[in-house]
Engineer: 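One structure, as structure tokens, below. Some questions next.
First listed ligand is number 1; within each ligand, the first listed atom is number 1. When a residue number appears, it is its place in the shown sequence, counting from 1.
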Amino acid sequence: MNVKDLYINYFVKKGHTQIPSAPIVPENDPSVLFNTAGMQPLIPYLMGEPHPSGKRLCDYQKCLRLTDLEEVGDTTHHTFFEMLGNWSLGDYFKKESITYSFEFLTSVLKIPVERLAVSVFAGTDRVPKDTESASIWESLGLPKERIAFLGMDDNFWAAGETGPCGSDTEIFYWRSNENVPVEFDPEDDRWVEIWNNVFMEFNRDENGNITNLPKKNVDTGMGYERIVSVIEGVNDNYNSSIWKDVIAVIEKISKLPYQGNEKSMRIIADHIRTSVFISSDPAGIKPSNTDQGYILRRLIRRAIRHAKKLNIDINSNWEEQIAKQIIAKYEDYYTEIKENKNIALTVLKEEKIKFGRTLEKGLKEFEKIAQRNENIDGTTAFHLYDTYGFPIELTIELATERKLQVDEKGFQEKMKEHQEKSRTASVGKFKGGLAGNSEIETKYHTATHLLNAALKEVIGHDTHQRGSNITEERMRFDFNCDHKLTDEEKQKTEDLVNQWIKDSLEVTKESMNKQEALEKGAEAMFIEKYPDIVNVYSIGNISKEICGGPHVKNTSELGHFKIKKEEASSAGVRRIKAVLE
Ligand code: SER
């Protein structure tokens with residue numbers, strides 16, 4: 001059995017409910033492009049809202065950290081990774097949490113205690129020194145010399161500037177063939193962190209004030225790739241069972257050995273895996289020039305460029321062979337990988353074809369530029385982007401290999417100029433009578449508020465929005481509800497929305513202080529971070545929501561509303577897809 005299954009089995013035996021991984025593109029949090037930690041989708045529950053699956057949860061969560069993107073190519077960094085996590089939402093606290101971690105590592109994974117060390121929180125004026133955790137570790141058999149007390153920078157964990165946070169205890173493993181030192185030195189990087197147990201009992205607000213959360217929670221996270229390489233005793237993650245067979249496929253395709261070609265092979269393996277996960281995510285991300293789509297494009301294009309470096313024939317189905325090896329590994333764990341594998345393969349192939357057309361010429365052009373042996377100015381970098389589809393990061397990477405620098409600021413300025421020009425052009429088109437995308441999207445925004453209000457009438461006033469997504473074709477709306485909607489409930493909801501459209505209700509906007517808005521009963525998304533002054537949109541007297549807009553002026557503009565689909569989204573959350581006809 002692999003570590004992922006052992007982990008889930010262990011925590012389920014300890015009374016935890018396994019929850020599915022949330023999508024890698026967060027549905028309710030526009031402040032981040034991707035989920036970066038296992039706890040991120042659980043923030044509302046750490047803040048106090050009851051979780052439909054109970055107080056003890058465990059999972060493996062899809063995560064993606066862009067901060068590590070440039071580092072990929074060495075032995076330990078990845079963009080995508082899985083995080084094993086277990087949570088107590090106001091249930092157990094330090095003693096059980098530490099005991100479970102210790103037991104799992106030493107009894108289930110059979111890691112000798114002699115190779116372990118921990119750090120605990122040294123304390124500040126506000127949060128006392130965590131002697132309790134230290135005593136628990138000692139009682140389990142960890143010698144005092146292996147317990148280090150560290151400060152805010154090391155042993156206090158927060159999801160971001162604001163939100164749930166708390167002191168933590170981190171577990172380290174001696175990853176070296178040399179003898180294990182008696183004393184734990186956190187500065188010695190042969191001690192690698194394998195698990196983080198956060199005792200989330202505080203909330204930090206915009207002003208940095210720390211207050212107690214309604215309940216004391218535990219949030220733990222263990223990086224899957226790291227623990228697997230520890231167990232398997234490899235010093236290069238890409239030699240572990242997670243990657244070995246993927247690297248073997250790349251060796252076969254390129255007819256080159258891993259040794260001597262590690263960097264490119266690691267980049268290809270990592271970036272194709274991440275691209276498979278992004279493109280099979282329910283958010284339906286496609287390569288583009290903005291947000292998640294841009295990251296996806298960058299990853300695929302960088303993988304292609306490294307494939308070319310290995311002399312792989314770009315026009316062959318190399319990317320498909322690698323992606324299929326990856327898909328086979330994950331499809332039993334993630335239904336979206338199984339269901340959307342063809343989408344992922346198509347995304348890779350289409351982007352390859354697109355970039356393949358210009359890559360060769362672009363590389364030749366780059367060679368010419370590099371011959372000048374001068375740093376690359378913004379105009380040239382923009383030319384490589386605009387004409388040959390070279391993401392700026394790719395140009396920087398190519399330049400760095402030649403020990404040249406790129407004027408990134410100059411590139412950004414060119415980019416801005418270009419965007420402004422195209423914006424003016426599209427405004428011109430709009431004025432000329434072509435309907436802009438935003439018109440239908442604006443209608444869907446307003447319809448979303450009507451649907452939210454209708455569901456409250458039909459299902460109950462505890463029903464709230466959990467997420468929403470709008471395209472030109474449809475609206476998607478997630479809400480908490482413990483059952484599949486009956487045909488009657490769906491009909492009633494649809495009828496109510498259409499009634500309000502018929503009633504020609506006026507849509508009005510007021511700006512007010514956030515507190516005032518909440519006191520006036522405005523609906524707010526639980527975990528959204530709102531500024532101090534917010535816009536509140538009211539529709540007749542049936543809906544009042546904090547929202548950035550834009551909205552139509554009158555509901556009569558919306559046309560006919562129709563529910564197309566109602567399905568489960570995640571535990572206790574349903575999803576409606578609807579259209580305006
Ligand atoms: N949130 C903590 C982390 O990401 C523990 O899960 O390290």
Side-chain angles (χ1 to χ4, degrees), residues 3-4 7-8 10-11 14 16 18-22 24 26 29 31-47 51 55-68 76-94 96-98 100-102 104-105 117-121 127 130 133 150-173 186 191-204 210 213 215-228 230 527:
V3 178
K4 206 144 66 183
Y7 180 86
I8 297 294
Y10 175 83
F11 280 98
K14 299 288 176 194
H16 295 65
Q18 184 189 356
I19 54 169
S21 170
I24 201 163
D29 188 353
S31 65
V32 285
L33 293 179
F34 298 104
N35 255 318
T36 56
M39 54 75 72
Q40 220 162 3
L42 293 172
I43 292 177
Y45 310 105
L46 291 163
M47 296 292 286
H51 192 286
K55 293 182 180 170
R56 292 180 178 217
L57 310 174
C58 62
D59 75 3
Y60 41 88
Q61 167 67 41
K62 303 188 283 185
C63 300
L64 206 168
R65 289 191 182 168
L66 297 172
T67 40
D68 293 338
T76 56
H77 284 93
H78 310 292
T79 42
F80 170 87
F81 65 98
E82 293 171 280
M83 199 184 261
L84 306 173
N86 63 277
W87 291 272
S88 154
L89 301 172
D91 192 24
Y92 59 80
F93 206 45
K94 294 181 180 175
E96 290 87 342
S97 170
I98 292 175
Y100 292 155
S101 294
F102 182 81
F104 180 71
L105 293 174
V118 300
S119 62
V120 293
F121 189 48
V127 186
D130 192 4
S133 291
L150 303 175
M152 283 299 276
D153 286 348
D154 295 289
N155 280 83
F156 197 88
W157 202 91
E161 296 293 307
T162 59
C165 52
S167 67
D168 63 11
T169 177
E170 296 187 357
I171 308 172
F172 294 77
Y173 173 84
W191 287 107
V192 292
E193 186 210 327
I194 51 173
W195 204 343
N196 185 10
N197 294 28
V198 187
F199 306 117
M200 283 200 164
E201 46 182 327
F202 306 113
N203 178 38
R204 190 160 57 193
I210 286 186
L213 282 171
K215 292 176 194 139
K216 291 182 172 189
N217 310 296
V218 174
D219 152 43
T220 91
M222 174 155 61
Y224 182 57
E225 352 290 296
R226 176 141 337 147
I227 190 70
V228 170
V230 160
I527 62 165

Engineer: For a ring pair (Phe, Tyr, Trp, His ring centres under 6.0 Å) with Phe199, tell me which candidate from Phe93, Trp87, Tyr92 qualifies.
Structural biologist: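 Between Phe199 and the candidates, ring pair (Phe, Tyr, Trp, His ring centres under 6.0 Å) is satisfied uniquely by Phe93.
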Engineer: Within the 4.0 Å heavy-atom shell around Ala37, which atoms of ligand 1 are there?
Structural biologist: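 Answer for ligand 1: 4 (O).
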Engineer: Which ligand 1 atoms does Gly221 reach within 4.0 Å, using its non-hydrogen atoms?
Structural biologist: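 Listed by number with element: 5 (C), 6 (O).
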Engineer: Short list, please: which atoms of ligand 1 are under 4.0 Å from a heavy atom of Met39?
Structural biologist: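 Taking each heavy atom of Met39 in turn, ligand 1 has 1 (N) under 4.0 Å.
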Engineer: Under a 4.5 Å cut-off applied to non-hydrogen side-chain atoms, are Met200 and Val218 in contact?
Structural biologist: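 They are not in side-chain contact.
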Engineer: Could Asp130 and Lys94 be called an ion pair, given the rule that one side-chain N must be under 4.0 Å from one carboxylate O?
Structural biologist: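 Salt bridge between Asp130 and Lys94, a charged N being under 4.0 Å from a carboxylate O: yes.
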Engineer: Counting from 1, what ligand 1 atoms have a heavy atom of Thr220 closer than 4.0 Å?
Structural biologist: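 Near Thr220, meaning under 4.0 Å from one of its heavy atoms, ligand 1 has 5 (C), 6 (O).
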Engineer: Is Met83 close enough to touch ligand 1? Criterion: a residue heavy atom under 4.0 Å from a ligand atom.
Structural biologist: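 Met83 counts as a contact of ligand 1 under the 4.0 Å cut-off.
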Engineer: Inspect the contact between Glu161 and Arg204 and indicate whether a charged nitrogen and a carboxylate oxygen are less than 4.0 angstrom apart.
Structural biologist: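 The answer is no: the pair does not qualify as a salt bridge.
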Engineer: Show your working on side chain to side chain donor-acceptor pair (under 3.5 Å) between Asn155 and Asp168 and close with a plain yes or no.
Structural biologist: CA-CA 5 Å; Asn155 280 83; Asp168 63 11; 3.1 Å; yes
Engineer: Considering only protein heavy atoms, which is closest to atom 4 (O) of ligand 1, and at what distance to one decimal place?
Structural biologist: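 Here the closest protein heavy atom is Trp157 CZ2, 3.2 Å.
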Engineer: Under 3.5 Å, is there a donor-acceptor pair between the Tyr7 and Asn86 side chains?
Structural biologist: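 Asn86 and Tyr7 do have a side-chain donor-acceptor pair below 3.5 Å.
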Engineer: Drop me the distance from Phe156's CZ to Phe202's CZ, to the nearest 0.5 angstrom.
Structural biologist: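 Answer for the CZ-CZ pair, Phe156 versus Phe202, is 6.0 Å.
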Engineer: Among all protein heavy atoms, pick the one closest to atom 1 (N) of ligand 1 and tell me residue, atom and distance.
Structural biologist: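 Its nearest protein heavy-atom neighbour is Asp219 OD2, 2.7 Å.
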Engineer: For atom 7 (O) of ligand 1, grab the closest protein heavy atom and report residue, atom and distance to one decimal in Å.
Structural biologist: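 Answer for atom 7 (O) of ligand 1: Asn196 ND2, 3.1 Å.
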Engineer: Have a look at ligand 1 and work out which part of Asp168, if any, has a heavy atom under 4.0 Å from it: side chain, backbone, both or neither.
Structural biologist: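 No part of Asp168 comes within reach of ligand 1.
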